[in-house]
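Contents: one structure, followed by commentary.
Since this is a predicted model, take the numbers as computed values, not measurements.
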Amino acid sequence: EVKLVESGGGLVQPGGSLRLSCDASGFTFGTVDMTWVRQVPGKDPEWISMIATSSTGRTYYADSVKGRFTISRDNAKNTLYLQMNSLKTEDTAVYYCATVTNTHCGTNFCYPREYRRWGQGTQVTVSS
């Protein structure tokens, strides 16, 4: 059974930092592209970052978080991370990790065309 458990969210002031974790089980973590998405109630999910399998480890970011967020993975621990710095109020959302099942990639870009969320997410609130 695939299981993804997100943690690390919370309340932080603008300009602050948080590190999210996603503990994975039930599949061979190192062989799967992983992604973070976020969602605000009433809005569509927003893709924010993706990391390729351990064979390349390449990372990709949405423009909205590029330069502020860093995605990483520890395949020995079956854990995905998202380091979030310089947080803004518009980063407030529920954050989910997900397994990627289809991608759209070009010379200098790549994003998940299809992904699947398995967990409950973790709430991030950026407010003063």
Side-chain angles (χ1 to χ4, degrees):
E1 177 190 4
V2 174
K3 195 173 182 182
L4 298 175
V5 179
E6 302 93 342
S7 62
L11 173 63
V12 63
Q13 292 187 340
S17 298
L18 283 173
R19 189 175 85 150
L20 306 184
S21 297
C22 169
D23 293 319
S25 60
F27 64 102
T28 308
F29 179 72
T31 66
V32 176
D33 295 342
M34 297 294 296
T35 191
W36 286 98
V37 298
R38 65 188 181 188
Q39 188 167 20
V40 176
K43 293 189 176 182
D44 290 334
E46 177 190 9
W47 169 73
I48 55 174
S49 186
M50 183 174 75
I51 186 166
T53 63
S54 56
S55 61
T56 67
R58 290 193 66 179
T59 58
Y60 306 91
Y61 300 92
D63 288 343
S64 60
V65 305
K66 196 173 295 182
R68 299 188 299 123
F69 290 10
T70 302
I71 190 172
S72 62
R73 64 194 302 163
D74 185 333
N75 293 326
K77 295 182 178 180
N78 287 350
T79 302
L80 179 72
Y81 302 100
L82 185 69
Q83 177 67 44
M84 306 187 297
N85 298 329
S86 303
L87 283 162
K88 305 176 181 180
T89 56
E90 51 263 43
D91 293 320
T92 296
V94 179
Y95 284 68
Y96 301 88
C97 58
T99 54
V100 177
T101 53
N102 194 2
T103 58
H104 178 61
C105 301
T107 303
N108 295 311
F109 70 93
C110 195
Y111 60 85
R113 187 177 298 177
E114 295 176 353
Y115 60 84
R116 184 167 180 181
R117 300 187 318 205
W118 302 86
Q120 298 301 310
T122 185
Q123 174 71 48
V124 171
T125 302
V126 184
S127 175
S128 55

| request: Would you indicate whether the side-chain heavy atoms of Tyr60 and Trp47 approach each other to under 4.5 Å? | output: yes

| Which atom pair, heavy atoms only, marks the closest approach of Pro14 to Ser128? | CD-N, 3.7 Å

| Ser64 (side chain) donor-acceptor with Ala62 (main chain) under 3.5 angstrom | no

| query | For Leu11, does its backbone N or O pair with a side-chain atom of Thr125 as donor and acceptor, under 3.5 Å? | reply | no

| Between Asp23 and Lys3, is the closest basic N to carboxylate O distance under 4.0 Å? | no

| Within 45° of the axis and under 6.0 Å from the centre of the six-membered ring of Tyr81, does NZ or CZ of Arg73 qualify? | no

| Taking 4.0 angstrom as the limit, do Lys88 and Asp91 come out as a salt bridge? | no

| message | I'd like to check Thr92 versus Gln123 (side-chain heavy atoms, cut-off strictly below 4.5 Å). Are they in contact? | response | yes

| message | Within the structure provided, determine whether Tyr95 and Met84 are in side-chain contact (heavy-atom separation under 4.5 Å). | response | yes

| Out of Asp33, Val32, Thr59, Val100, which one pairs with Ile51 under the side chain to side chain contact (heavy atoms under 4.5 Å, CB included) rule? | Thr59

| task | Using only heavy-atom distances, determine whether the side chains of Ser17 and Asn85 contain a donor-acceptor pair under 3.5 Å. | result | yes

| request: Check the pair Val94, Val124 against side chain to side chain contact (heavy atoms under 4.5 Å, CB included), reporting the backbone distance first and the verdict last. | output: CA-CA 6 Å; Val94 179; Val124 171; over 6 Å; no

| Any donor-acceptor pair under 3.5 Å linking the side chain of Thr89 with the backbone of Ser127? | no

| Taking the side chain as C-beta and beyond, is there a heavy-atom pair between Pro45 and Arg38 under 4.5 Å? | no

| said: Let's go through Leu4 and Tyr96 carefully: what are the C-alpha distance in whole Å and the side-chain angles of both, what is the deciding distance for side chain to side chain contact (heavy atoms under 4.5 Å, CB included) to 0.1 Å, and is it a yes or a no? | reply: CA-CA 9 Å; Leu4 298 175; Tyr96 301 88; over 6 Å; no

| message | Looking at Gln120, I'd like to know if its CD atom is crowded, meaning that more than 12 non-hydrogen atoms belonging to other residues, nucleotides or ligands lie closer than 6.0 Å. | response | no

| Check: Ser49 main-chain N/O paired with Thr35 side-chain donor or acceptor under 3.5 Å | yes

| query | Can you name the ring pair (Phe, Tyr, Trp, His ring centres under 6.0 Å) partners of Phe69, sequence neighbours left out? | reply | none

| Does a side-chain heavy-atom distance below 4.5 Å link Val126 with Leu18? | no

| Distance only, no hydrogens: is a donor on one side chain within 3.5 Å (strictly under) of an acceptor on the other, for Arg117 and Gln39? | yes

| Distance-only donor-acceptor check, side chains Glu6 and Ser21, under 3.5 Å | no

| query | Within a strict 4.5 Å, meaning less than it, do heavy atoms of the Tyr115 and Val37 side chains meet? | reply | yes

| Close side-chain approach of Tyr111 to Cys105, heavy-atom, < 4.5 Å | no

| remark: d(Leu80 CG, Ser72 OG) to nearest 0.5 Å is 7.0 Å

| Is there a donor-acceptor pair closer than 3.5 Å between any side-chain N or O of Tyr61 and the backbone N or O of Ile71? | yes

| field | side chain to side chain contact (heavy atoms under 4.5 Å, CB included) assessment of Cys110 paired with Met50 | value | CA-CA 8 Å; Cys110 195; Met50 183 174 75; 3.4 Å; yes

